[in-house]
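Encoded as structure tokens, the structure appears first; notes follow it.
Since the model is a prediction, treat every value here as computed from it, not as a measurement.
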Amino acid sequence: MRTTSRDVVISIDTPMVPPYWAVLERALLRAQSDACRIFFDRYFDERGYLKCVPRWGGDDGPDDAAENLLNWTMLYALGAPDIVLELYKKGWEGHLRQYTEARTVEVPLGRDGMYYKEFPTCFDWFHHGEGLSAFVLQGLCDPDDPGFVRRTRRYAGFYMNEDPQAPNYDPQHRIIRSMFNGSRGPLLRKATPQDWAGDPIEIEGRFKPGHRERNYQEMLQHFEEYTDIVGDHPLNLGATTLAFNAYALTGEEKYRTWVLEYVDAWVERTEANGGIIPTNIGLDGTIGGACEGRWWGGVYGWGFTVKVVPYTGEVAHRAAFKERCHYGFANAMLLTGDLRYVEVWRRMLDRVNEHARVIDGQTMYPHMYGDQGWYHFTPEPFNAGALELYYWTLKRDVLELLPSKPRWIAFLDGEDPTHPVEALQRDLESVRRKVEAIRQDPRTPDTTMSDDPNPLNPVTVATLNQLMLGGLPTGRTGYPLHCRLRYFDPVRRRAGIPEDVAALVDRMTAEEVAVTLVNCNQTEPRTVIVQGGAYAEHQIEAVTLGEHTTPVGHSYVTVRLAPGTGARLTIAMRRYANRPTFAFPWA
């Protein structure tokens, strides 16, 4: 449990001229926040509605509209000004109303509203996750917001059979009954191209879809093979984030119990399938049961190769589950501290790579499996989720699966000292380019798809997550934040690093993390609370400053910085020692 004893306070009074990385970090937080106002004014109206033609579908649908707020909650949680959270909330409330009002004509799934009870009526978790990516991190910003609490409970309930109109879950077989699921329950028939593509729409001369279709017929062709959605699918592990959030908000055991029950079922299926996660589970709970026994079946599954892409004529391998569902196992790890959940995925990588072949004198590794066995061989090992696995387990051999060591990891290893400055400079330049493009965008609302502004969203937080928090980029997967440290401003009583303070994590081991904190303000002191993990899941045992070590024994520690000072702290911690909570330290 989280300690409630008095705070441990570390005082820093060593003068430090703000390093260049610190100046850039503060500039990037400020620039992205300013750009949020420009972006919002251009693409949202006074109600918070996106200025676009609302549509249903996997090409351009509600999830793409919500993605225009991607990373905004994370930016606020890092320390951006209040306006960022205010605009996000206005846009999110508007989004829920806009897509509840929006209706399809020919697609049955959205005829009474594309959203019902403030949630998509019925779609897949590849798209659910993208649309919810900003929302699921809102608890890092203001966990006591009544709307967030209410919706989090309701959304989790859709997958725990708490809503009779959403019987998504079968507790007997521990399955989510379809890859298509939501607030109106599961789709228990084969999906049609129109279920995926939405109603007919004029394309040529009016829109430029992100998937490059030239007309509505090509939209339908894009989804011609997207039919096998009945039964459970590993992408449905995304639903565990809803119950994880509900547990972190309330501490109610039912949410934790459901996550572990569902993830444990996938662990068992994977082990029963020779260590390879199956991509279809029948309604009777059998592996491959809804795809004639093919464990590799299902849309976005191991064998999901689209034979003809309409706008290129090429073959496309779209086993999309590989890039996301390992985070579902990590949700169980966050709840229990048990690394065995993510090690299931690590063993799977080994099982797949064991099927490598020598082709024309070169070792080639499979990435797909179908009726013909393993296929789609490339020189690169199968490494989906390898960076995340290294982060969670800190086992160096996982990095060998990657084509090269990521610059962030090389920096943490002391091999790439220029990385922080160069990465921050790159992100600052991106803000400038995007704002310029926003101001030059000639589209009108009736020639704008919901997906169109997404490339111009000025908020990118991957670099800040890595450098400030020692954390993984949150991206558009719809999963929780994984980080070693997080910051709070006890003076303003809010999440995020205080104004003028910068942080740089430069080393991480299983037992320690080293961070430099700097107060760039030369006239005023600053106080920052440093927490272990995004959800207080890591226990801080001690903090070393110079030659002095202070015992802590909390999930957080308070650091006071005199004007114009800074220091490098070495923080000893036990990872995944505490049950996760959204509660702020002073709560």
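Using a distance-only test at 3.5 Å, with no hydrogens or angles considered, a donor-acceptor pair links the side chain of T393 to the main chain of L389. With hydrogens and angles disregarded, no donor-acceptor distance shorter than 3.5 Å links the side chain of N161 to the backbone of P167. In this structure, Y535 contributes its side chain and L481 its backbone to a donor-acceptor pair below 3.5 Å. A donor-acceptor pair under 3.5 Å is absent between the side-chain atoms of H211 and the main chain of E213, judged by distance alone. Under the 3.5 Å distance criterion, the side-chain polar atoms of H173 are matched with a main-chain donor or acceptor of D284. With hydrogens and angles ignored, the 3.5 Å screen pairs a side-chain donor or acceptor of D60 with a backbone N or O of D451. Remark: side-chain polar atoms of R324 are paired, donor with acceptor, to backbone N or O of F126 under 3.5 angstrom. The main-chain N or O of A462 is never found under 3.5 Å from a side-chain atom of N465 such that the two would form a donor-acceptor pair. Of the possible donor and acceptor atoms, one in the side chain of D199 sits under 3.5 Å from a partner among the backbone N and O of V107. Counting only distance, with no hydrogens or angles, the side chain of Q98 and the backbone of L50 share a donor-acceptor pair below 3.5 Å.
The aromatic rings of F119 and W125 sit tilted relative to each other, their planes meeting at an angle between 30° and 60°. The aromatic rings of Y327 and Y479 sit parallel to each other, their planes meeting at less than 30°, with 60° as the upper class boundary. Below 30°, between 30° and 60°, or above 60°: for Y226 and H222 the angle between ring planes is between 30° and 60°, a tilted geometry. Relative orientation of the F39 and Y43 rings is tilted, given thresholds of 30° and 60° on the angle between their planes. The aromatic rings of Y300 and F304 sit perpendicular, their planes meeting at an angle over 60°, well past the 30° parallel limit.
Checked by atom type, the side-chain pair D124/H127 shows a donor-acceptor distance below 3.5 Å. Neither side chain, Y76 nor D142, offers a donor N or O lying under 3.5 Å from an acceptor on the other. Looking only at atom types and distance, the side chain of N457 has no donor-acceptor partner in the side chain of N71 under 3.5 Å away. Under the 3.5 Å distance criterion, with hydrogens and angles disregarded, no donor-acceptor pair is assigned to the side chains of S555 and N578.
Taking the ring centroids of Y369 and Y375, they lie at or beyond the 6.0 Å cut-off. Residues W374 and W302 place their aromatic rings such that the two centres sit under 6.0 Å apart.
Taking 4.0 Å as the cut-off between side-chain N and carboxylate O, R153 and D163 do not count as a salt-bridged pair. Using a cutoff of 4.0 Å between basic side-chain nitrogens and carboxylate oxygens, K307 and E225 are scored as salt-bridged. Using a 4.0 Å cut-off between charged nitrogen and carboxylate oxygen, D371 and R294 count as a salt-bridge pair. In this structure, R189 pairs ionically with D195, as a charged nitrogen and a carboxylate oxygen lie closer than 4.0 Å. Classification of D112 and R103 as a salt-bridged pair fails, no side-chain N sitting under 4.0 Å from a carboxylate O.
Looking at L70 and V459, their side chains never come closer than 4.5 Å, going by heavy atoms from C-beta outward. Residues L132 and T241 fail the side-chain proximity criterion, which asks for heavy atoms closer than 4.5 Å. No side-chain heavy atom of M449 sits less than 4.5 Å from a side-chain heavy atom of D59. Within the 4.5 Å cutoff, the side chain of R206 has heavy atoms near those of the V53 side chain. You'll find the side chain of E388 stays beyond 4.5 Å of the side chain of V342, heavy atoms only. Between F135 and F148 there is a side-chain heavy-atom pair separated by less than 4.5 Å. Here the side chains of R151 and L96 are in contact, with some heavy-atom distance below 4.5 Å. A 4.5 Å side-chain heavy-atom check between T477 and S133 finds every atom pair outside the cut-off.
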Begin from the C-alpha positions of D232 and R177 and carry the test salt bridge (Lys or Arg N to Asp or Glu O under 4.0 Å) through to its verdict. CA-CA 5 Å; D232 209 351; R177 300 164 65 207; over 6 Å; no

What's the verdict on side-chain contact (heavy atoms from CB on, under 4.5 Å) for L283 and D170, showing C-alpha distance, side-chain angles and the deciding distance? CA-CA 9 Å; L283 294 177; D170 174 356; over 6 Å; no

Tell me, with the steps shown, if N236 and N181 meet side chain to side chain donor-acceptor pair (under 3.5 Å). CA-CA 9 Å; N236 286 336; N181 51 73; 3.1 Å; yes

R256/F244 under side-chain contact (heavy atoms from CB on, under 4.5 Å): CA gap, chis, key distance, verdict: CA-CA 7 Å; R256 183 176 184 271; F244 171 87; over 6 Å; no

Between R443 and K51, is a side-chain contact (heavy atoms from CB on, under 4.5 Å) present by the stated rule, with each step listed? CA-CA 10 Å; R443 289 175 296 217; K51 298 175 184 176; over 6 Å; no

Run Y341 and W392 through side-chain contact (heavy atoms from CB on, under 4.5 Å) and show every step you take. CA-CA 10 Å; Y341 284 106; W392 294 323; over 6 Å; no

Take D264 and R340 through the test salt bridge (Lys or Arg N to Asp or Glu O under 4.0 Å) and record every step on the way to the result. CA-CA 11 Å; D264 281 341; R340 73 178 176 88; 3.6 Å; yes

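Evaluated for a ring-ring contact (aromatic ring centres under 6.0 Å, His included) with W56, the options Y99, W196, F123, Y115 yield exactly one hit, F123.
The number of heavy-atom neighbours closer than 6.0 Å to CD of E253, taken from other residues, nucleotides and ligands shown, is above 12. Other residues, nucleotides and ligands contribute at most 12 non-hydrogen atoms within 6.0 Å of the NZ atom of K208. Annotation for E204: atom CD does not count as buried by contact number, only 12 or fewer foreign heavy atoms lying within 6.0 Å.
Closest non-hydrogen pair, C325 versus I277, comes out as SG-CD1, 4.4 Å. The heavy-atom pair separating P143 from V149 by the smallest distance is O-CG2, 3.3 Å. Of all non-hydrogen atoms in L109 and T121, the two that sit nearest each other are O-OG1, 2.8 Å. Nearest heavy atoms, T227 versus V299: N-CG2, 3.7 Å. When all heavy atoms are compared, the tightest approach of G61 to S450 is O-OG, 3.2 Å. Pairing each heavy atom of W266 with each of P278, the nearest pair is CZ3-O, 3.3 Å.
For the atom pair OG of S178 and CD1 of I229, the computed distance is 3.5 Å after rounding to the nearest 0.5 Å. To the nearest 0.5 angstrom, L249 atom CG is 9.5 Å from Q138 atom CD. Between the CD atom in E130 and the CG atom in D64 there is a gap of 7.0 Å [rounded to 0.5 Å]. Between atom CE of residue M160 and atom OH of residue Y255 there is a gap of 6.0 Å, rounded to the nearest 0.5 Å. Taken to the nearest 0.5 Å, the NE2 atom of H128 stands 9.5 Å off from the CG atom of D63. To the nearest 0.5 Å, atoms CD (E118) and CD (E93) are separated by 7.0 Å.
For the pair R346 and F329, the cation does not sit on the ring face, since its NZ or CZ is not both under 6.0 Å from the ring centre and inside 45° of the axis.
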